Each structure stands twice: as C-alpha cells, then as structure tokens.
Participant: 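After the structure tokens below, expect a handful of questions from me.
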Amino acid sequence: MRIATWNINGIKARLEILVTWLAQEKPDIVCLQEIKTVDEGFPRAEIEALGYNIETHGQKSWNGVAILAKGRDPVETHRGLPGDPDDVQSRYIEAAIDGVLIGGLYLPNGNPRPGPKFDYKLRWFDRLIDHAAGLLASGLPVMLAGDFNVMPTALDVYKPERWTEDALFAPEVRAAFARLLAQGWTDALRTIHPGETIYTFFDYFRNAYARNAGLRIDHLLLSAPLAARLVDAQVDAHVRGWEKTSDHAPTWVELRDG
DNA sequence: ATGCCTAATGCAATTAGA
C-alpha cells in the first residue's frame with residue numbers, strides 16, 4: 001500500500017497536475033495540503049473519476065486539507081485539530097482507511113519570527129503533540145503525514161546557516177519536532193535515506209529546483225505497527241520539474257500488507 | 001535587508017507562502 005502526502009498549493013490551479021500524477025503513480029492514499037478552497041469548491045468529480053473517495057476540510061483562500069483513498073471508503077475521525085475551539089484554520093483531517101489511521105496535517109508556517117504567527121505555530125505544535133500521544137496510546141497502526149513546515153536537522157536544509165532565525169528551522173521548532181518523534185514515531189523518509197540529502201520543497205525563486213536548493217519539510221511519521229511494515233519511502237522530485245507545478249513534491253511510503 | 005515566484009481574491013494591489 002502506497003501512502004503519499006503532497007502540498008498541492010491550490011487544488012484549482014493544480015488539478016491537471018494532480019490528475020496526471022495520480023494516473024501515473026496510482027497511490028492508494030493521498031494527503032493533500034493547501035487546497036485553498038472551501039469544501040464545495042473541491043473538484044471532486046475529476047478525482048472520483050480516477051477511483052478515489054475524498055474527505056476535505058477546506059477553507060476560503062488559504063490552508064485546507066484533504067484525504068483521497070482509492071477504492072476505499074475513508075471514515076473520518078477528526079476535522080480540525082483538537083485542543084482549541086477558537087482555531088478557525090483548516091489544517092488537520094484524520095480518517096481510518098483499511099485499518100490504518102491517517103492524520104493529514106498542514107502545520108503553520110510561523111513566519112515572521114518572533115510574532116503572533118510564530119506563537120500560533122508553537123501552540124499548534126503543542127496541540128499536535130498532545131493529540132499524537134493519544135493516537136500512539138491507541139496502539140493502532142497510525143500515520144501522521146503532511147507539510148510540517150519544519151526542517152528537522154541541518155541535513156534537511158541546503159544552506160542551514162541562512163535559516164537559523166527562520167520559523168521553519170528555529171531551535172524551538174526543531175525541539176518541538178524532536179519531542180513529537182520521541183513519543184515513538186518513525187520518520188519514514190529519513191529511515192530509508194539515512195545521511196542522504198533529500199528534499200521535498202523547492203522555492204519558486206531563483207530556480208531553486210534546478211539548483212537542488214531545497215528543504216525537507218514534508219514528513220510521513222509512522223507508529224510502531226506501521227514502521228514494522230515500512231518497505232520504501234521516496235520523493236517524486238521529477239514532478240517539481242513539471243510546468244505549473246506546486247513548489248512541493250509528492251512524498252510517499254510503501255507499506256507491506258498488515 | 002530585500003526581491004526573486006506563485007495563488008487567491010477580484011480586477012489592482014494586497015496577503016500569504018517558506
């Protein structure tokens with residue numbers, strides 16, 4: 001079973017790209033971030049035509065997440081991250097699919113730092129860590145997949161010295177990611193590619209993709225029962241080279257049957 | 001330190017991204 005995450009950067013502007021990739025790669029489950037539309041604006045028909053069932057948690061203009069499941073019916077378990085009823089941003093969706101619990105997330109960017117957006121990022125991260133603890137305690141096969149907006153280590157940044165004050169690489173943000181991992185999650189891409197320079201995001205600026213000036217900020221975290229089934233994890237980096245594509249590349253794991 | 005590029009809104013220029 002292949003499970004992917006992709007920050008699509010606008011589903012309406014990216015529908016053709018998404019359909020092309022889905023038809024080529026045929027992933028079983030896809031977590032999308034930054035759909036940038038309300039639920040009613042999501043182009044369901046074109047994606048359902050490829051055999052996918054869809055759960056969305058949309059928002060006008062910004063943010064918005066979705067889960068696609070090919071030939072399976074996702075059973076939604078959460079819309080929105082628990083822990084703050086006043087949080088109106090659509091950044092979390094969770095569903096049970098084929099006995100696996102999938103949390104799709106879009107963690108706040110947090111820039112500029114310091115500031116209210118950075119504070120919101122840290123609070124959101126704390127809520128995620130609280131929720132993740134409960135997921136692990138369930139003992140179920142669980143995955144957290146999405147755009148975490150964190151480079152966990154210097155290996156995950158093309159020029160780490162330029163990013164030390166940035167909200168994506170700040171010490172307190174890396175520490176939060178480390179706290180999350182320490183609960184018992186396996187970073188699938190880093191586990192399959194130890195010590196390797198491997199990026200999931202390339203800025204539109206300055207021809208970043210061609211220069212391999214990227215960041216690793218999209219992550220797939222596996223609970224122990226899923227980590228035992230990990231076969232492969234890769235980035236479809238070539239998709240970043242397509243015309244009119246997202247600045248993030250699709251990132252995925254292959255799991256053997258449970 | 002800032003712009004470089006791109007999307008959404010809405011039709012110009014701003015907000016946001018990372």
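Everything numeric here is computed off the predicted structure, so don't read it as measured data. Chain naming here is simple, since letters A, B, ... match the order of the sequence lines and numbering starts at 1 in each.
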Participant: Can you measure A/D247 atom CG to B/dG17 atom P for me and round it to whole angstrom units?
Facilitator: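 Those two atoms, CG and P, are 12 Å apart.
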
Participant: Could you name each residue pair satisfying salt bridge (Lys or Arg N to Asp or Glu O under 4.0 Å) that touches residues 238-258 of chain A, not counting sequence neighbours?
Facilitator: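 Found A/R2-A/E254.
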
Participant: Could you list the residues that satisfy salt bridge (Lys or Arg N to Asp or Glu O under 4.0 Å) with A/D73, not counting sequence neighbours?
Facilitator: none

Participant: What is the separation between atom CG on A/L107 and atom C1' on B/dA18, rounded to the nearest whole Å?
Facilitator: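 Atom-to-atom, A/L107 to B/dA18, this comes out as 13 Å.
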
Participant: For B/dG10 and B/dT15, measure between their P atoms and round to the nearest Å.
Facilitator: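 Looking at atom P only, B/dG10 and B/dT15 are 14 Å apart.
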
Participant: Check the distance between B/dT15's C1' and A/E34's CD and give it to me in whole angstrom.
Facilitator: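 The answer, rounded to whole Å, is 13 Å.
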
Participant: Not counting sequence neighbours, list each pair that qualifies as a salt bridge (Lys or Arg N to Asp or Glu O under 4.0 Å) and has a residue in residues 201-217 of chain A.
Facilitator: A/D156-A/R216, A/D187-A/R216

Participant: Need one value for A/Y106: base, sugar-phosphate or nothing, where a base atom within 4.0 Å counts as base even if backbone is also close, heavy atoms only.
Facilitator: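 Since only primed, P, OP1 and OP2 atoms lie under 4.0 Å of A/Y106, the category is sugar-phosphate.
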
Participant: Would one find a side-chain N or O of A/H248 under 4.0 angstrom from OP1 or OP2 of B/dA18?
Facilitator: yes

Participant: Write down the distance between CH2 (A/W163) and P (B/dA1), rounded to a whole number of angstrom.
Facilitator: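 Rounded to the whole Å, the gap is 15 Å.
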
Participant: Measuring only the P atom in each nucleotide, how far is B/dA8 from B/dA18? A whole number of Å is fine.
Facilitator: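 My reading of the P atoms in B/dA8 and B/dA18 gives 14 Å.
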
Participant: Could I get a table of every N or O pair under 3.5 Å where one atom is in the protein and the other is in nucleotides 5-11 of chain B?
Facilitator:
residue	atom	partner	partner atom	Å
B/dA7	OP1	A/R14	NH1	3.1
B/dA7	OP2	A/K244	NZ	3.4

Participant: Sticking with atom C1', work out how far B/dA16 lies from B/dG3, rounded to a whole angstrom.
Facilitator: 16 Å

Participant: Can a salt bridge be assigned to the pair A/R113 and A/E172 using a cut-off of 4.0 Å between side-chain N and carboxylate O?
Facilitator: yes

Participant: Mind calculating the distance between CZ (A/R91) and P (B/dA16) to the nearest angstrom?
Facilitator: 11 Å

Participant: OP1 or OP2 of B/dA18 sitting under 4.0 Å from any side-chain N/O of A/N149?
Facilitator: yes

Participant: Could you check whether A/D39 pairs with A/K60 (Lys NZ or Arg NE/NH1/NH2 to Asp/Glu carboxylate O, under 4.0 Å)?
Facilitator: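 Answer for the salt bridge query: no.
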
Participant: Can you sort out the partners of A/E94 under side chain to side chain contact (heavy atoms under 4.5 Å, CB included), two or more places apart, ordered by chain and number?
Facilitator: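 A/E94 satisfies side chain to side chain contact (heavy atoms under 4.5 Å, CB included) with A/T77, A/H78, A/Y92, A/L101, A/H131, A/L135 once adjacent residues are dropped.
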
Participant: Whether A/N7 contacts B/dG17 is assessed here as follows: a side-chain N or O lying under 4.0 Å from the phosphate OP1 or OP2. Is that the case?
Facilitator: no

Participant: Please state the P separation for the pair B/dA12 and B/dT2 - nearest whole angstrom.
Facilitator: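 B/dA12 and B/dT2 have their P atoms separated by 29 Å.
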
Participant: Expressed in angstrom and rounded to an integer, what is the separation of A/K121 atom NZ from B/dG17 atom P?
Facilitator: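 Atom-to-atom, A/K121 to B/dG17, this comes out as 10 Å.
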
Participant: Nearest whole angstrom, please: distance from the C1' of B/dA18 to the CG of A/D147.
Facilitator: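 In whole Å, B/dA18 C1' lies 9 Å from A/D147 CG.
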
Participant: Quote, to the nearest angstrom, the C1' distance that separates B/dG17 from B/dC4.
Facilitator: 14 Å

Participant: Please, which pairs that meet ring-ring contact (aromatic ring centres under 6.0 Å, His included) have at least one residue in residues 237-258 of chain A, sequence neighbours excluded?
Facilitator: A/F201-A/H248, A/H238-A/W242

Participant: What's the CG-C1' distance between A/D166 and B/dG17, to the nearest Å?
Facilitator: 11 Å

